[in-house]
Amino acid sequence: MAVALLGTGVSRGIAIGPARLLQRGRPEIPRYRLAAHRIEAEIERFRSAVGAAASELRAILDDLPAGTSGDIAAFVETHLLMLRDATLSAAPGDLIRRERCNAEWALEMQQDALVKVFDAVEDDYLRTRRDDVAHVVTRIQQILLDDTARRQALATHQERDRIILADDLAPSELVLLHKQGVGAVVAEHGGPVSHAAILARSLGIPAVFGIHHALQFIEEGEMLVVDGAAGSVLAGLEDPELRLYRTRRREERRRRVALRRLRDRPAITRDGFTIELFANIEMPGDLDAVRKAGAGGVGLYRTEFLYMNRASLPDEEEQYATYLDAVSRLEGAPLTIRTLDLGADKQAADGQVLSASDSPLGMRAIRLCLSERDLFLPQLRAILRASAHGPVSLLIPMLTSIDEVLQVRMLLDECRRQLRRQRLPFDSGLPLGGMIEVPAAALCAEEFARELDFLSIGTNDLIQYTLAADRMDEAVNHLYDPLHPAVLKLLRLVLDAAARTDTPVSMCGEMAGDPALTRLLLGLGLTRFSMPPTAVPEVKRVVTGSHLRQLQEATAACIESSQGFRALALRFNEGEWG
């Protein structure tokens, strides 16, 4: 009998193959006290486990084939950096000595402390760093516990065309599975912004996450069909149904080949309108993927990675070197740098505690930066200095009032005066933009448009704040709805305000990278998109097959009807106006 399991499709594609159950689960962590004479030996046992974990990750890196995209290696390198960070490599040793406890329990306590910090960060991408902490800690724990079963399974099995089912997957494990030819991955946990999901899209592995108890319903070796676009896993299909999915898989592979041919083709609609497609990047390693995807530049460069997993805050010179490297590698393509959007307490090297709030409605993003100017001014100076070497724009996150814009302009003027006195070059006309990701900012979009050089709509937060639904919370993420009439009315409000004031406006949230919404957004008036690099080819395909004027006319006709919008989005995706 056919069985269908539904989850969240995080990476498109169709795969057909036998199931391979990768059991893991959370290891049982022992807790016991040590005699005084055993403490130093226990600390050494912990250090040896950290070293062994690092050796395993370096072996994965060494096995990556030549020409592998830098963003793929970056995930493994992130875990290596975490292993070198004192918060994981040294702090548990201090706990062993202070609490006289075993290494496994000390590591567990340290993980709990780190997770609390990451849970307080409002940015979805950064909150997923807690998953990285969990993956790194689990790797160390397995070595401490001599739990070699999962590591040997990954190292010794050839997974050609198999469908891997697991409770969770670390990015490093996904890299290894890709090398072994895995057909698709299915996980009981995780979402579209988890690192494993991002990596699956980058590697082109079909993936469905969030299917709870999948390991209980599927048997080892059972023939499965995974549809990453639909978010479904099908079992027990008859031969005619399997033949249908094999045909769809061949069509999907042909589609991917065709998408690669679009890389150097401009994003021009069928009626001659140019649409600008940019990339969002999280770390320097992502820059390689920008040009490979055919993006016109970087529409959102998140800078939080500079501040995470370290004992001291980055100074101006480190930030300048990082931004200058990005400008150089983009070779004249535009770069939009978003200022720090951090919302959790951060301990600086000199003992200063930044007064960030744990609440998503508290002290974060531009509020934090304006409150902690010693934190903010070095970043502004570094961005200004980088602007002397290429087309750089500055983007302010989480704006809620015009007063915040005026304060930023005042600080920029102060930085410009300092740089002139030091005879350091910068672009005196550096464009200043603002993120529209709070309903208050959307409602006041025209005032912001008149005060700023450009706007960027951050749909992830805008949807969450508008609908009071955290998309990372599995209990309420079904309420996270990009097509909710309130969300669409706010988008239209912002786009109309930008049009009236002749202010450039882009969208950098996940809506911008969803090809199912591309035509609707074009119809609403959006002509500048910024998205993960892997989403660019598919969005470009939709753009080049669309008639912009017809989309806008059809959208205007149903602007007040929520059902009309949903029906229109469906009609757009079925091929009308394209």
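If you read the sequence from its start, that first residue is 1, and numbering goes on from there.
A distance-only check finds no donor-acceptor pair linking the side chain of N280 to the backbone of P533 [under 3.5 Å]. A donor-acceptor pair is defined here as one N or O able to donate and one able to accept, closer than 3.5 Å; no such pair exists between the side chain of Q110 and the backbone of L107. Between the E220 side chain and the R20 main chain, no donor and acceptor come within less than 3.5 Å of each other. A donor-acceptor distance shorter than 3.5 angstrom exists from the side chain of R45 to the backbone of L144, with no hydrogens or angles considered. Using modelled atom types, no side-chain atom of Q550 and backbone atom of H547 make a donor-acceptor pair closer than 3.5 Å. Side-chain N or O atoms of S11 include one that pairs as donor or acceptor with a backbone N or O of I205 at under 3.5 Å. In this structure, the side chain of E241 engages the main chain of E238 through a donor-acceptor pair within 3.5 Å. At least one donor-acceptor pair closer than 3.5 Å links the side chain of N102 to the backbone N or O of P30. Of the possible donor and acceptor atoms, one in the side chain of K540 sits under 3.5 Å from a partner among the backbone N and O of R263.
Looking only at atom types and distance, the side chain of T247 has a donor-acceptor partner in the side chain of R250 under 3.5 Å away. Side-chain atoms of S232 and D227 form no donor-acceptor pair, as typed in the model, at a separation below 3.5 Å.
Ion pairing of E104 with R31 is absent here, as no side-chain N (NZ or NE/NH1/NH2) approaches a carboxylate O to less than 4.0 Å. A salt bridge is absent between R248 and E251; no separation between the charged side-chain nitrogens and carboxylate oxygens falls under 4.0 Å. Contact check on D461 versus R364 returns a salt bridge, with a Lys/Arg side-chain nitrogen under 4.0 Å from an Asp/Glu carboxylate oxygen. Using a 4.0 Å cut-off between charged side-chain N and carboxylate O, R338 and D341 make a salt bridge. One finds a salt bridge joining E252 and R255 here, because a Lys/Arg side-chain nitrogen approaches an Asp/Glu carboxylate oxygen to under 4.0 Å.
Contact between P206 and A15 at its shortest, heavy atoms only, is CG-CB, 4.3 Å. The heavy-atom pair separating A333 from G296 by the smallest distance is CB-O, 3.6 Å. Closest non-hydrogen pair, A200 versus A207, comes out as CB-CB, 4.0 Å.
With contacts defined as side-chain heavy-atom distances shorter than 4.5 Å, the pair V3/F217 does not qualify. Considering only heavy atoms from C-beta on, L300 stays 4.5 Å or farther from F278 through its side chain. Here the side chains of I463 and H484 are not in contact, with every heavy-atom distance at 4.5 Å or above. In this structure the side chain of V182 never reaches within 4.5 angstrom of the side chain of I163, judged on heavy atoms. Residues L88 and L83 have side chains not in contact (no heavy-atom distance under 4.5 Å, counting atoms from C-beta outward). Contact check for L237 versus M223: no side-chain heavy atoms found under the 4.5 Å cut-off. Considering only heavy atoms from C-beta on, L165 comes within 4.5 Å of I218 through its side chain. At least one side-chain heavy atom of Y480 sits under 4.5 Å from a side-chain heavy atom of Q464.
Within the model, atoms CG of L145 and CD1 of I140 stand 11.5 Å from one another, a figure rounded to the nearest 0.5 Å.
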Given the rule in the side chain to side chain contact (heavy atoms under 4.5 Å, CB included) test, do E538 and R12 qualify, once you have shown the distances and angles that lead to the verdict? CA-CA 11 Å; E538 184 67 31; R12 293 183 55 157; 3.8 Å; yes
Dump the intermediate steps for side chain to side chain donor-acceptor pair (under 3.5 Å) on R201 and T534, then the final yes or no. CA-CA 7 Å; R201 291 193 288 272; T534 51; 4.6 Å; no
Could you walk me through whether L522 and F529 pass side chain to side chain contact (heavy atoms under 4.5 Å, CB included), step by step? CA-CA 10 Å; L522 290 170; F529 296 68; 3.8 Å; yes
Please walk me through it: do L488 and L524 pass side chain to side chain contact (heavy atoms under 4.5 Å, CB included)? CA-CA 9 Å; L488 294 174; L524 286 169; 4.3 Å; yes
